[in-house]
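To keep things clear, I will list the structure first and then write my remarks on it.
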Amino acid sequence: MHSLFLHNTLSRRKEQFEPLEPQHVRIYLCGPTVYDLAHIGNARTMVVFDVLVRLLRVLYPRVTYVRNITDVDDKINARARESGEPIEQITARTAADFHADMAALGVLPPDEEPRATRHIPEMVELIQRLIASGHAYEAQGHVLFSVPSFPAYGQLSGHAPDELLAGARIDVAPYKRDPGDFVLWKPSPPDTPGWDSPWGRGRPGWHIECSAMSWRYLGETFDIHGGGTDLIFPHHENELAQSVCAFSGSRFARLWVHSGMLQINEEKMSKSLGNFFTAREVLAKAPAEAVRLALIRTHYRSVAEFSDAAVAEAKRELDRFYRALERYPDLGAADVPPPVMAALCDDLNTPLALSAMHGLADKALAGDFDSACGLRAAGGLLGVVQQSVDEWFRGGADRAAIEAAIAERREARRRRDYKRADAIRAEWSARGVVFEDRPDGSTSWSVVAGQEGR
RNA sequence: GGUCCGGUGGCAGAGUGGUGAUGCAGCGGACUGCAAAUCCGCGAAUGUGGGUUCGAUUCCCGCCCGGACCUCCA
């Protein structure tokens with residue numbers, strides 16, 4: 001069996017992965033805060049962890065993958081105030097949109113998808129534990145985590161607490177004992193979502209929901225916790241602090257995996273800068289597998305530039321993979337070929353895995369059936385090359401019109417009217433449908449230039 | 001200001017202390033009525049200055065450039 005190596009943010013090194021329970025991997029990923037459509041950067045993280053979980057399921061008999069939905073948050077409240085749309089409607093609609101977008105990208109559902117609002121009691125219990133153990137305190141209706149009570153604070157992000165304060169961008173609330181302290185629970189006015197608690201009607205702070213839900217579904221200590229690099233601080237640092245302090249002797253997540261940011265025109269894509277594409281608009285312009293491939297053509301820890309050109313190139317790459325499968329209508333089940341497996345087991349090196357897949361495609365094109373099966377199996381692990389060849393090249397096209405054009409062109413070619421034959425071919429080529437004449441006189445066709453002709 | 005990450009062919013993008021993968025694009029050839037696809041072949045890169053070494057793209061230091069984080073963020 002292959003050994004899996006993963007880069008651990010906590011140690012800043014690549015480590016051999018060994019689950020706490022040898023036969024059972026427990027992994028938690030920070031899911032969406034549901035106030036708006038997912039953008040393509042959110043999608044990257046979801047796709048990266050989808051590949052990781054697919055790999056883990058090959059390597060281990062049991063995987064419990066938890067990805068939460070955060071449906072209580074001040075951004076959601078703000079959105080409701082601006083638009084007048086009820087909060088429950090915003091969160092339900094956005095969660096459904098998220099599910100639809102992820103399904104389109106081939107992101108498989110997690111085993112558990114807990115929602116923050118359904119785990120308030122667990123959050124309250126965690127906060128009580130923190131107060132009881134001296135790691136949290138109540139002040140003016142708020143409950144705050146006491147950063148100085150946890151000497152290891154900063155270990156994940158690599159910052160010393162005083163460094164973090166040096167550049168702090170916000171005013172320090174007067175009720176904080178220490179400027180670095182963060183909110184676990186805060187009071188809610190009557191027009192804002194709130195729950196009864198020992199500290200009055202209120203709502204949770206940003207970080208506690210992940211500590212509560214990972215605890216509920218994965219236990220005090222589990223194997224892998226993931227998210228984008230922008231969550232390392234403060235979100236994951238604070239989760240780590242809360243959970244370790246709430247459960248004496250626990251380690252929370254043993255291995256932290258963080259995926260890099262996407263940029264547009266060399267600038268980080270983010271909702272605050274407004275320079276983002278929603279997954280939805282990207283998917284409207286290109287085949288979903290091409291979008292997915294574009295997201296994994298770069299190693300997950302690197303910053304990656306995202307563009308239409310990158311998706312178009314991914315599309316052409318997939319064209320070649322599908323052509324390699326074209327002559328094999330009945331592909332058999334196969335193991336993922338060793339070079340692909342080895343690449344993925346080395347810190348999820350998807351670009352190297354893809355290069356190995358090109359080697360398989362070459363052999364399949366040369367007539368090797370086993371390589372074709374291996375290529376399909378490798379694609380299954382990455383979540384690409386899973387459609388039928390016909391669907392990929394010809395799905396959604398106007399088959400009747402194209403067949404009619406081919407018949408007319410065949411007739412023209414028969415009487416050696418090449419001018420007419422070429423005109424027909426050029427006309428369809430302009431619509432993205434390429435005609436390919438075979439040696440036996442027949443003509444096959446495929447849609448190669450994006451969505452035109454479909 | 002502090003911390004961290006990164007600079008590889010035209011573009012995308014891996015690996016590696018010992019003549020630099022892979023893909024896309026380009027060029028030449030085969031095939032084709034012409035194409036397309038496919039096949040064969042070609043050109044093309046390690047930011048910069050030092051150091052260590054028999055040998056550095058890889059390790060170390062400086063510099064330049066880019067990006068991220070420093071309590072909204074995947």
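Chain identifiers are assigned alphabetically (A, B, ...) following the order of the sequence lines, protein sequences preceding nucleic acid strands; residue numbering begins at 1 within each chain. This structure is a prediction, so every number in the text was calculated from the model and none was measured.
- Scanning residues 353-374 of chain A for heavy-atom distances under 4.0 Å to RNA chain B yields A:Ser355, A:His358, A:Leu365.
- Mapping A:Ser259 and A:Arg301 onto RNA chain B via the closest heavy atom, the residue that lands nearer the 5' end is A:Arg301.
- Checked against the 6.0 Å centroid criterion, the rings of A:Trp256 and A:His236 qualify as a close aromatic pair.
- For the salt bridge (Lys or Arg N to Asp or Glu O under 4.0 Å) test, no residue two or more places apart in sequence or in another chain qualifies with A:Arg416.
- The aromatic rings of A:Tyr217 and A:His119 lie perpendicular to each other, with more than 60° between the two planes, well past the 30° mark.
- Using a 4.0 Å cut-off between charged nitrogen and carboxylate oxygen, A:Arg81 and A:Asp74 do not count as a salt-bridge pair.
- Here A:Tyr418 lies parallel enough and close enough to stack on the base of B:rG33, with planes under 30° and ring centres under 5.5 Å apart.
- For the C1' atoms, the distance linking B:rU3 with B:rG13 amounts to 28 Å, nearest Å.
- Rounding to whole angstrom units, CG of residue A:Leu262 and P of B:rC5 are separated by 21 Å.
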Legend entry - Dot-bracket line, read 5' to 3' along RNA chain B, where crossing pairs take [ ] and | marks a partner on another strand, Watson-Crick or G-U under 3.5 Å: (((((((..(((.....[...))).(((((.......)))))....(((((..]....))))))))))))....
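- For A:Arg323, counting side-chain heavy atoms from C-beta on, the closest listed nucleotide (B:rA14, B:rC69, B:rA37) is B:rA37.
- Look at A:Arg12 and you won't find any side-chain N or O under 4.0 angstrom from OP1 or OP2 of B:rC5.
- For A:Arg323, the CZ atom counts as densely surrounded, since its 6.0 Å shell holds more than 12 non-hydrogen atoms of other residues, nucleotides or ligands.
- Ring geometry, A:Phe252 versus A:His225: the interplanar angle falls from 30° to 60°, so the pair is classed tilted.
- Using a 4.0 Å heavy-atom criterion, one finds that A:Arg44 contacts no nucleic acid atom at all.
- Of the side-chain N and O atoms in A:Arg416, none sit less than 4.0 angstrom from OP1 or OP2 of B:rC34.
- Residue side chain A:Asp74 does not reach the base of B:rC72 through any donor-acceptor N/O pair under 3.5 Å, judged by distance alone.
- The neighbour count for A:Arg438 CZ, taken as heavy atoms of other residues, nucleotides or ligands under 6.0 Å away, does not exceed 12.
- For B:rA68, neither phosphate oxygen OP1 nor OP2 lies less than 4.0 angstrom from any side-chain nitrogen or oxygen of A:Thr229.
- Looking at A:His135 and A:Ser146, their side chains never bring a donor and an acceptor atom within 3.5 Å of each other.
- One finds no side-chain N or O of A:Asn238 lying less than 4.0 angstrom from the OP1 or OP2 phosphate oxygen of B:rU71.
- Looking at heavy-atom distances under 4.0 Å, A:Arg438 makes no contact with the nucleic acid at all.
- Aromatic ring pairs are classed by plane angle as parallel below 30°, tilted from 30° to 60° and perpendicular above 60°; the pair A:Tyr153 and A:Phe233 is perpendicular.
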